[in-house]
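Quick note: residue numbers are just sequence positions, from 1. No hydrogens, no waters, no symmetry mates; every other heavy atom, side chains included, goes into these values.
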Amino acid sequence: MNWKVQWSKWHSQLGWWGAFAVLIWALSGLAHPLMSWLGPQAVKFYPPSLQQAPNLYDGLTNVIQVNALKRARVLKVIPGHSETMSETMVQLTESDKQPRRYFSLKSGVELHNQDQQQARWLASYYTGRDINTIESVEWQTAFDQNYPAVNRLLPVYRVRFSGDDGLMAYIYTETNALATLTNNNRQQLQTIFQALHTWNWLDRFDNARVLLMGLFILSLIAMCVAGVGLVIVLKSRRIPQTSRRWHRALAYILWLPLLGWSVSGFYHLLQAAYVEPVSGLRLSEEMRLDNRGWATMSGHLSEYQNQSINALALVEGASGPLISDAIKSGAEEATLFYRLSLSQPNGHAQHTRSERFSGKASERAAVYINAESGELRQWGDEAQARYLALRYTGRSNEDIADISKVTHFGPDYDFRNKRLPVWRVDFSGETTGRGAGLRVFVDPITGVLVDQNRQIDRAESWSFSMLHKWNYLNPITGKFYRDVLIVGTIIICLVMTLLGVLMLLKNGRRKKV
């Protein structure tokens with residue numbers, strides 16, 4: 001076989017398919033960094049901080065007793081804003097299907113419709129826009145084109161501001177978080193990206209979408225491999241045509257990025273379509289609040305009364321030193337604790353976006369105090385994370401292979417979870433199959449299962465993060481200059497593709513002659 005002729009033939013035959021794939025995905029790929037550059041930017045990157053309030057603990061238990069609260073999934077003290085003033089509130093989450101309830105910490109009175117007011121206040125806080133310019137507030141329980149599933153958090157409030165830019169903030173009130181921020185420019189770019197990059201217009205026929213996208217990606221991979229083979233078998237020589245010289249020179253630079261994008265994209269396509277995901281947030285089991293005796297302001301509670309704290313929450317934990325025994329006894333027998341998040345001396349008001357994503361800590365220490373006896377518990381976040389992981393998974397204490405604190409976002413723990421710090425718990429046991437390597441992420445502040453993944457999920461996530469998004473460059477270049485490099489590479493790739501198209505057209509004319 002004449003390999004020179006054969007590689008050349010394969011490369012040419014695949015050229016039109018490959019060129020079409022490059023043009024569609026490269027042009028739409030440019031929309032992704034442009035969304036970040038041209039889209040709206042938040043003016044604050046951390047949730048509002050909790051101000052010091054008198055009778056913090058008595059206020060929390062007073063709310064429970066005055067309002068005869070019997071059950072809670074999440075119960076914590078948060079900063080808030082009522083119709084007339086900023087004040088410290090108690091937030092009650094009963095389910096993920098309905099708005100949260102709020103109570104004044106000072107008076108114990110329930111603040112009706114406060115969840116929506118909280119969303120309005122937070123939207124103004126994160127955007128810097130006047131709260132009076134809010135045009136509408138809507139409760140959203142499902143993902144849609146403007147708020148796709150990659151954002152993860154539901155339910156949210158969609159807060160729309162008046163103005164020509166169509167600014168919208170999506171607020172997740174449980175953590176006082178900004179889920180995402182969008183406007184007309186970003187929505188237009190997102191529509192282009194979804195239509196041309198993920199082919200969402202074929203979502204109703206998902207198998208057909210996967211088949212068509214898969215064929216185009218495979219043709220691109222085959223064209224790339226054939227081009228590499230052609231470069232290898234052809235000896236270096238003087239090429240008279242300028243377009244051919246440039247096409248060959250650019251191929252030396254671009255074959256590896258193009259192959260990386262194609263292979264990781266194909267892998268991502270197949271896994272998203274045919275591997276059932278396990279990721280997603282789950283609220284804790286209900287805590288029983290009735291028929292409890294609550295500690296008064298004495299002993300260890302009074303020691304922390306005047307200290308600066310980030311958060312105060314009521315959480316369930318093991319009543320004894322043996323976590324496994326507490327799990328077996330059931331949620332009804334679990335002990336309630338106040339979890340105090342003691343803040344750093346300077347708080348987190350001055351933190352920047354980069355500090356937020358790199359994991360600069362706002363918490364100095366976590367303290368657990370028995371809510372009924374007032375006694376300090378020798379029980380830290382690691383023990384609480386272990387307790388929560390076992391409750392959610394039904395595994396035994398002996399199955400835990402590793403446990404560690406996560407203070408920054410990365411390929412393993414996505415920034416779209418909008419929650420730091422969390423604790424990662426790795427389980428041993430199953431070593432093969434889709435359930436192998438279970439890893440869960442839990443939030444000891446609220447008892448929430450934030451996310452979970454398996455070995456199969458992490459492999460695909462690593463591939464997409466490193467080969468498709470080039471996140472390995474972040475520590476070196478930062479996200480902005482990483483995106484600049486990606487955009488530059490895409491533009492060069494488009495130039496090489498256009499040169500290849502010109503060569504195909506010339507070859508076609510020669511054959512006709």
Side-chain angles (χ1 to χ4, degrees), residues 1-30 32 195-199 202 205-237 239 241 243-275 459-460 462-470 486 489-511:
M1 179 185 292
N2 188 330
W3 284 106
K4 295 180 182 180
V5 174
Q6 194 60 50
W7 283 114
S8 179
K9 181 180 178 182
W10 287 337
H11 191 61
S12 297
Q13 287 176 339
L14 292 164
W16 287 111
W17 292 95
F20 178 79
V22 169
L23 290 173
I24 291 296
W25 280 316
L27 287 171
S28 59
L30 288 173
H32 202 275
L196 299 181
H197 212 81
T198 65
W199 295 16
L202 276 175
F205 312 98
D206 200 51
N207 286 332
R209 181 184 70 88
V210 173
L211 177 63
L212 288 173
M213 289 185 71
L215 288 174
F216 273 107
I217 295 175
L218 287 174
S219 71
L220 186 55
I221 292 172
M223 183 195 71
C224 191
V225 171
V228 171
L230 190 61
V231 168
I232 292 173
V233 298
L234 289 177
K235 294 180 180 179
S236 180
R237 68 194 192 283
I239 303 174
Q241 298 95 336
S243 60
R244 285 183 178 274
R245 285 202 308 273
W246 276 104
H247 185 77
R248 184 184 177 101
L250 293 176
Y252 283 111
I253 302 170
L254 295 173
W255 74 270
L256 189 58
L258 190 57
L259 197 59
W261 279 329
S262 304
V263 171
S264 60
F266 187 64
Y267 187 5
H268 182 73
L269 174 71
L270 294 181
Q271 179 138 330
Y274 300 120
V275 177
E460 191 281 322
W462 184 92
S463 165
F464 199 73
S465 176
M466 298 302 174
L467 301 181
H468 212 84
K469 299 169 70 175
W470 297 10
I486 289 175
T489 304
I490 290 175
I491 291 172
I492 296 171
C493 194
L494 288 169
V495 171
M496 183 186 72
T497 303
L498 291 174
L499 291 173
V501 168
L502 290 175
M503 290 160 56
L504 289 171
L505 290 172
K506 287 180 181 178
N507 288 339
R509 285 197 293 268
R510 286 198 201 98
K511 289 178 181 179

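Atom OG in Ser219 sits 10.0 Å away from atom CZ in Phe20 (nearest 0.5 Å). Between the CG atom of Leu254 and the CH2 atom of Trp261 there is a distance of 8.0 Å, given to the nearest 0.5 Å. Atom CG in Leu258 sits 12.0 Å away from atom CG in Leu250 (nearest 0.5 Å). Considering CG of Leu30 and CD1 of Ile491, their distance stands at 6.0 Å, rounded to 0.5 Å.
Contact annotation: the side chain of Leu27 never approaches that of Leu196 to less than 4.5 Å [non-hydrogen atoms, C-beta and beyond]. Looking only at side-chain heavy atoms (C-beta outward), Ile24 and Phe216 stay at 4.5 Å or farther from each other. Annotation: side chain of Ile486 is not in contact with side chain of Lys469 (no heavy-atom distance under 4.5 Å). A heavy-atom distance below 4.5 Å is not found between the side chains of Leu215 and Trp17. Ile217 is listed as a side-chain neighbour of Leu269, based on a closest heavy-atom distance under 4.5 Å. Side-chain contact between Trp25 and Ser262 is absent, with no heavy-atom pair separated by less than 4.5 Å. Inter-residue side-chain proximity for Tyr274 and Val210 is flagged as met; some heavy-atom pair is nearer than 4.5 Å.
Nearest heavy-atom pair across Gly29 and Ile490 is C-CD1, 4.2 Å. Annotation for Leu494 and Ala26: closest pair CD2-CB, 3.7 Å, computed over non-hydrogen atoms. Shortest non-hydrogen contact noted between His197 and Met213 is O-CE, 3.4 Å. In terms of heavy atoms, Arg209 sits closest to Trp199 at CD-O, 3.2 Å. Heavy atoms only, all atoms of each residue included: Ala19 and Met223 are closest at N-SD, 4.3 Å. Of all heavy-atom pairs between Ala273 and Asp206, the closest is CB-OD2, 4.1 Å.
In this structure, the side-chain contact (heavy atoms from CB on, under 4.5 Å) partners of Ala195, at least two apart in sequence or on a different chain, are Asn200, Trp201.
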Where do Leu202 and Leu212 land on the side chain to side chain contact (heavy atoms under 4.5 Å, CB included) test, with the steps shown first?
CA-CA 10 Å; Leu202 276 175; Leu212 288 173; 4.1 Å; yes
Criterion side chain to side chain contact (heavy atoms under 4.5 Å, CB included) on Trp470 and Thr489, from CA distance to verdict:
CA-CA 12 Å; Trp470 297 10; Thr489 304; 3.5 Å; yes
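Other residues, nucleotides and ligands contribute more than 12 heavy atoms inside 6.0 Å of the NE2 atom of His468.
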